[in-house]
Every structure is written in structure tokens, then in C-alpha cells.
Amino acid sequence: MKILVPVKRVVDYNVKVRVKSDQTGVELSGVKMAMNPFDEIAVEEAVRLKEKGVVTEIIAVSVGITASQETIRTALAMGADRGILVETEASPEPLAVAKILKALADREQPGLIILGKQAIDDDMNATGQMLAALLGWPQGTFASKVDIEDGTATVKREVDGGLETVALTMPAIITADLRLNEPRYASLPNIMKARKKPIDVVKPADLGVDPAPRLSTLKVVEPPKRQAGKKVKSVAELVDKLRNEAKVI
Amino acid sequence: MQVYSAPLRDMRFVLHELHDSAGHLEAIGRTDLNGELIDSILEEAAKFAQEVLLPINMSGDEEGCRYENGVVRTPRGFKEAYDMFRENGWGALSSPAEFGGQDLPEILSKMVEEMQCSANLSFGLYPGLTHGAVLAMLDHASEELKARYLPKMIDGTWSGTMNLTEAHCGTDLGLLRTRAVPQADGSYRLTGTKIFISAGEHDLTENIIHLVLARLPDAPKGVKGISLFVVPKFLPTDDGRPGQRNGVTCAGIEHKMGLKGSATCQLVFEDATGWLVGEVNKGLTGMFTMMNAERLSVGIQGLGVAETAYQSAAAYAKDRLQGRSLAGAKYPEKAADPIIVHPDVRRSLMTIRAYVEGCRALAGWVAKALDLETKATDPELRQQSEDFVALMTPVVKALFTDLSFEMSSMAVQIYGGHGYIRDHGIEQLVRDARITMIYEGANGIQALDLVGRKLPSHMGRLMRGFFHPVQQFIEDNASDPNVLPLAKAFGALQQATAHIAQAGMKDPEEAGAAATDYLRLLGLVALGYMWARTAKIANEKLPAANGDAGFYKAKLSTAQFFNDRLLPQAGALWGAIKAGKASMMALEDAAF
């Protein structure tokens with residue numbers, strides 16, 4: 001069985017993001033970029049499935065600028081077998097990415113697609129769900145445990161009230177939550193080997209998808225600075241402020 | 001808390017921008033590698049250092065190593081971290097492919113070493129010593145010994161040590177007494193006691209391979225009668241497993257000021273089986289291969305610790321609210337200003353930063369020569385590089401480690417009382433850094449090596465290999481006012497060199513009296529040269545730097561600080577050197 005793992009290049013989670021001075025977005029130039037941490041978990045799960053003999057080939061896919069190849073290389077160093085870069089200058093939205101992934105799924109015929117539940121840059125939490133709808137495949141989102149047996153993926157999902165277990169008939173979509181696994185460190189020999197693994201480069205147009213954004217960003221601003229607290233003299237004053245100033249009671 | 005995030009941007013600057021990694025890879029015939037690959041290795045090494053090694057640095061210091069009945073237990077977490085280190089192949093980084101290594105260049109491997117030392121110096125010692133032992137065996141051991149030991153040492157299954165010191169002989173190896181008696185089967189039986197053996201016994205690997213200096217029964221006295229042997233803890237079976245226990249035991253570990261996660265052992269050899277490495281009575285040559293490599297690595301250790309001291313102190317200075325700026329409140333919304341507003345705190349931070357970044361640049365230059373001395377296609381370049389490594393080895397060792405102690409102490413000062421107590425792990429850095437000034441040849445010995453051996457060597461050829469590029473750079477940039485301080489310091493160095501050559505020739509004590517100051521002077525000029533070149537690049541790149549502008553601006557400011565505040569020490573050092581030995585030697589011994 002083939003498995004497809006989409007990986008996104010995002011600002012490294014350690015970086016404190018800054019808004020561009022013209023308020024059109026966040027500053028990316030000279031900023032450390034890395035693989036979206038949830039995607040790292042997805043890659044790790046794929047590699048573990050391969051180590052268990054469930055999966056035969058792992059294909060890492062990224063949609064983005066040329067530099068996204070580095071993100072694919074990271075996946076290859078962790079254990080993916082080959083990569084596909086869908087190269088585009090535009091910053092594609094979840095629907096465009098889902099359409100691109102659908103086209104690739106049609107071409108590659110994977111038995112499973114594992115994605116991060118969301119990317120830490122825009123926090124959309126949508127690509128996996130949209131892809132499932134486009135493909136007409138079952139989905140198990142926010143996975144914290146995955147078992148594959150006899151054409152069925154049993155996925156433990158992290159929902160608000162606790163854990164929910166669903167059984168998906170494959171092919172299926174799974175999106176990885178934080179507790180699914182702990183991604184490994186790439187070993188030095190695997191980093192070296194990753195350089196020799198193939199990365200296919202295609203354009204969205206080759207897949208019949210127009211990646212142009214459907215949404216326009218009006219303005220990006222930093223969250224307002226936290227105001228200093230106020231000291232109150234009595235409980236009565238506190239209640240008064242909560243009621244009339246903060247308007248929370 | 002100890003704060004460390006690998007300075008990847010600065011490392012990339014040193015590698016690619018300052019030292020032209022692309023040209024370098026070509027010069028050593030490694031066009032199969034490229035900058036991208038090097039960067040991805042640095043990134044993964046950084047993750048490993050930050051996430052695996054750093055979290056067990058303070059706990060390793062608190063807990064230390066434990067000794068019981070000949071067995072040494074490393075602190076909690078060390079074994080798991082070592083297993084991961086081994087499985088991920090980090091020990092094989094620069095070792096030859098023939099024995100399973102990755103054969104990657106030193107310019108990369110020295111940076112990976114730096115990260116490991118920043119995150120956990122004690123841990124770094126174990127693979128560090130193995131690497132040194134591998135180098136000595138590569139150069140001097142028979143093919144049979146290499147085939148038997150090197151693959152397992154390079155992949156980290158077995159570790160290595162170096163056994164020189166005995167209770168009565170540290171610096172003066174001529175006094176050593178451990179005896180090796182030849183056997184009919186070509187092996188030797190070793191008997192004696194070694195002390196201060198780092199990683200001599202531990203629970204990280206299934207076998208420990210000791211490289212031991214000893215004397216044959218008929219050996220001449222002094223250093224010309226010392227041979228080198230490989231003595232495994234367990235005698236390897238023919239299929240490469242650790243077999244019968246050899247006659248070497250650990251009689252105890254030292255209780256030390258710092259570096260507590262590293263086991264410093266007393267080893268007793270009783271009829272231990274060993275095999276000769278290299279030729280009889282020429283053991284010091286083999287050991288010095290290892291010593292020279294280790295000396296550079298110890299310099300890198302110093303740099304690594306100082307980097308963590310800087311990052312921790314900088315984080316604390318931005319966080320600690322206390323008093324107000326002398327120029328009026330700078331953060332009026334806060335109860336007090338963070339202490340980073342104060343000129344004196346900044347003096348300390350800038351000093352650490354300027355030294356640390358300067359040392360990293362200099363380490364890159366020396367690492368480049370390390371690659372070139374064996375791998376350059378041009379034989380002349382090989383010779384020049386060998387000269388340069390020989391000259392700079394004592395400088396890197398002593399300068400970086402002296403600075404490491406000074407800089408980590410400065411970091412404690414920024415923390416104040418919170419640096420002196422143990423909770424933040426800052427005093428640990430001072431204690432850990434302190435040993436680097438002592439082991440692998442105390443820094444006073446390094447200075448003597450520079451002045452007594454390297455300076456006069458080949459009629460000053462080694463020195464000229466350093467003087468020429470600096471002089472050339474100064475001449476080529478004569479119109480740049482930022483190069484003036486370097487020119488001035490270089491002038492002091494030239495005068496001091498001439499003075500030592502003259503006075504030292506007549507009276508070796510004069511050379512000895514000048515040595516330590518001279519090494520610092522040469523080191524300052526080397527750092528000044530690195531900063532001048534750095535500033536030149538930063539100036540060129542700044543206009544088109546966009547998002548990276550902050551990096552280059554910081555480089556320019558730090559270079560300026562180095563020129564304004566640190567490089568002028570060159571004049572004072574020259575003054576001290578010029579004064580000669582008289583006042584140093586005046587008192588009778590009894591008056592002390």
C-alpha cells in the first residue's frame with residue numbers, strides 16, 4: 001500500500017512572528033522555516049506504518065515555493081521514499097491544496113493519506129476535511145492512535161468530550177493530532193541518503209488546478225498589547241468593575 | 001535556566017559567507033556535497049543538542065557519576081541519549097567511509113561538536129574521546145587492528161580513551177612507569193596505574209578501547225622510550241563481540257569541581273593484554289596525533305560553553321526587572337526596567353558576544369585548514385594548511401578556553417546572586433569551563449608550545465603563514481578606517497614577535513615570561529582579523545539584505561565593539577611583554 005503525506009513549509013515554531021510593516025502579512029524573509037509540526041507527526045506515523053510492514057511506499061508532497069523542497073527533504077530524511085513538489089508562487093488556500101492533493105491521489109492511488117490536523121501558520125484545520133469530501137473518502141480527524149488491519153483504519157480521535165474511536169474503510173484520510181506519536185530525529189546516514197531520493201516537480205496547472213487565492217487579505221495586525229492590571233480596594237468594587245467595565249457578569 | 005538554541009544563522013555565515021564553503025568543498029574535491037546538505041545536517045544536529053542533550057546537562061551535574069565496585073554509572077538519561085546519539089550516526093560524522101564513517105569535512109564537524117559542547121559538555125566528552133582514539137589508530141595502527149576496532153568505535157558501539165597521566169607524571173610524560181612486556185604471540189602484557197582518565201569506565205558502551213602509553217622493559221629513559229598500545233576492556237572475539245574481560249579495572253572516580261557527568265577514572269592495569277600501535281618507543285607520535293586533534297576540540301568545547309553562557313545571560317538581562325535606566329525609564333509600563341538597559345550589563349553581553357562570534361569565525365578558519373592539510377588537491381596548499389593548523393592549535397586551545405572561563409564568569413555576574421546559586425545552572429558553566437584550561441595540555445604549556453616550538457619552527461615559516469594574509473588584508477583595505485585598529489594591534493604583534501625572537505634566543509626564560517601574554521596577543525589579532533573580514537562582508541551585503549538586515553547590522557555593531565573595546569588590549573599586552581622577565585623572577589623561591 002502506498003501512503004501520501006502532505007507536508008507544509010511554515011515559520012519555525014520557535015520563531016516569534018512579526019507583522020510586516022505594510023500590514024500585508026507576516027515577515028518571512030530571513031526567518032527560519034521548518035516543517036509544520038503536525039505534518040512531522042504525520043510523516044512519523046507513515047514511517048512507523050512502513051516499519052510495521054503495513055505500508056510499502058511513502059510519498060511526501062508539498063505545495064509551495066521552490067524552497068519547499070527542503071521540507072520534502074526533511075520528510076525523506078525521516079524515512080519517506082520519494083517526494084513531489086507542486087511548485088507555485090501563490091500561497092495556496094486549503095481548497096486549492098485539497099484539489100491538488102486530489103489530483104495526485106487520483107494519479108498515485110494511495111491507500112491512505114495522513115495529514116497534519118492543521119498548519120501552525122494559518123491554523124485553518126480544513127485541508128484534510130476538504131480532501132476527504134473531494135475524494136469521497138472517509139475521514140478520521142484529530143487522530144491520537146491509528147491501527148490498520150484488513151482494509152480498515154481504526155482511529156482514536158481527540159474530541160472535546162474525550163476520545164472517540166471510528167473505523168474507516170480504506171482508502172481513507174487521517175489527520176494527525178499532537179499525541180499521535182513523537183517524531184524521530186533524522187539520523188545522519190538518512191540525511192545523506194535523502195539527498196539521493198527523487199523529488200518530482202510539477203505545476204498546479206499540470207494537475208488542472210488554479211491555485212490563485214479566493215480570499216483577499218485586508219490587513220494583518222499584531223494582537224493588542226495586554227493592558228496592565230488594576231488593583232481594586234474591595235469586593236464591591238471588583239463586582240462593579242466586572243459588571244460595568246469588563247461586562248462579564 | 002540554561003538557554004541554548006544553536007546559533008545556526010551565525011554558523012551559516014561563518015561557513016558559507018566568511019569561509020566560502022562552496023570554494024572549500026571544491027578545493028578538497030568534495031563536489032558531491034553542497035551548502036544545502038550541510039545546512040540540513042546542522043539543523044538536525046541542533047535539534048539533537050537542544051532537545052536531547054541540553055535537558056540532561058543540569059541534572060547530570062547535580063547527580064554526577066557514581067562508582068561502586070569497579071562499575072561506573074553515568075547520570076540518569078545519559079545512556080538513553082548516548083544510544084540515540086549512536087543510532088543517529090553522529091559519532092561517524094567525519095570518520096572515513098572505509099570504516100563506516102560519513103567522511104564529512106571538519107568545517108562541518110567542528111560546528112556539530114560546538115553544539116554538543118554548548119548543550120552538554122560532560123556528555124560530549126564520551127564521543128569526543130572516542131573520536132580522538134579513532135584518529136590516533138587511523139594514523140598509526142596496523143591494518144588488522146584498524147579492521148578489528150575502528151568500525152565499532154566509529155559507529156559508537158565501542159568507545160575510546162587516552163591513557164597518559166600517572167600519579168607522578170602529568171605534563172612530563174618522560175616520567176611514566178606503566179610497563180609493557182612482550183609476549184610470544186606478538187601481544188603485550190601491561191601493568192601500571194593511570195589517573196585522570198576521562199570516560200575510562202562507564203555504562204554507555206559494551207566495550208571500552210583504551211589507548212595506553214607504556215614502556216617496554218628495555219626502553220630508553222625519558223620520552224624516547226614510550227610506546228603506544230591498544231588495550232580493550234573486553235578482548236574482542238574473532239566475530240567482533242566483546243569477549244573475555246581484560247586485566248584493566250577502574251579503582252575509583254575523581255570528585256571534581258565541574259564536568260560531573262563525565263567519569264574521570266583511575267585505571268589499574270594488571271597483566272592486561274594489549275597490542276602495539278605504531279612503532280616501539282615512538283608512542284608519543286601516535287598520542288600526539290590524538291592530542292593535537294583533541295586540543296582543537298577542547299578549544300571548541302570552550303567556545304560551546306561560552307555560547308550557552310551568552311544566550312542564558314542575554315535572556316536573563318532582558319527578563320530581569322530591576323531599577324531604572326540612567327537615562328530615565330525605558331519601559332515605563334513595567335515596574336522597573338530590564339537590566340539590559342544598563343551600560344555595564346551591555347558591556348558584559350557585548351564582550352561575550354564579540355569573543356564568541358569571533359572565536360567561531362576563527363575556528364572555521366582553522367577547521368578549513370584541517371580539511372585542506374590532508375585533502376587539498378594542491379600539495380603547496382596542503383603544506384601551508386598543515387603549518388597553519390600547527391600554529392593555531394595552541395592558540396585555539398588556550399585562547400578559547402581562557403575566554404570561556406572569563407565569559408561564563410561574566411555571565412554569572414549578569415545573573416548576580418541568581419547566577420551564584422545553582423538553580424539557574426549558570427555557575428555550572430563556570431565550573432565546567434574551568435577544566436578546559438587545564439586538560440589536553442595546560443594553557444601555560446600551550447603558550448610555551450607557541451613561543452618555543454611554533455614560532456621558531458622552519459625559520460618562522462609558520463608565523464609567516466599567519467602574518468601574510470593579515471598584512472595583505474590590512475594593505476588592501478588601507479583606506480578603511482575600521483581596519484586601523486587591526487593594523488595597530490598587528491603592529492604590536494609584529495614588535496612582540498621580533499622582541500621574543502631576539503630576547504628569547506639569548507635567554508629562554510624571557511620567552512617563557514612572555515609566552516602567555518604573547519598567545520593572547522596573537523589570539524586578539526586573529527580575532528580582530530576575523531571581525532574585520534566579517535564587517536567587510538556585512539557592509540557589502542547589508543544594502544540588499546532585506547529581512548536579514550538585522551543580522552548584518554548586529555555584525556557591524558559587534559565588530560565595532562571589538563575594535564573599540566577589546567582589540568586595544570593588544571597595546572597593553574605588548575607593554576607587558578616588553579617589560580621582560582625581571583620583576584617576575586626577582587623574588588627568591590623562599591620568599592613565596
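In what follows, every chain begins at residue 1, and chains take the letters A, B, ... in the order their sequences are listed. Remember, predicted model here, so these are calculated numbers, not experimental data.
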Pick from B:Asn34, B:Leu104, B:Asp548 with the largest number of heavy-atom pairs that fall under 4.5 Å of chain A: B:Leu104
Among the listed options A:Arg184, A:Arg18, A:Arg73, A:Lys32, the residue most often paired with chain B at heavy-atom distances under 4.5 Å: A:Lys32
Part of B:Leu93 within contact of chain A (heavy atom distance under 4.5 Å): both
Whether over 12 other heavy atoms sit under 6.0 Å from B:Lys318 NZ: no
Close contacts, residues 37-52 of chain B versus chain A, judged by heavy atoms under 4.5 Å: B:Leu37, B:Ser40, B:Ile41, B:Glu43, B:Glu44, B:Lys47, B:Phe48, B:Glu51, B:Val52
Other residues, nucleotides, ligands: >12 heavy atoms within 6.0 Å of B:Lys555 NZ: yes
Options A:Ala77, A:Ala34, A:Ala186, ranked by heavy-atom pairs under 4.5 Å with chain B, top entry: A:Ala186
Residues from residues 233-249 of chain A approaching chain B under 4.5 Å (heavy atoms): none
CD (B:Glu333) with more than 12 external heavy atoms under 6.0 Å: yes
B:Glu87 and A:Ser187, any side-chain heavy atoms less than 4.5 Å apart: no
Atom of B:Gly89, atom of A:Pro189 and distance for their closest heavy-atom approach: CA-CD, 4.2 Å
Cationic N near anionic O, under 4.0 Å, A:Arg195 to B:Glu36: yes
Over 12 non-hydrogen atoms of neighbours within 6.0 angstrom of CD in A:Glu182: no
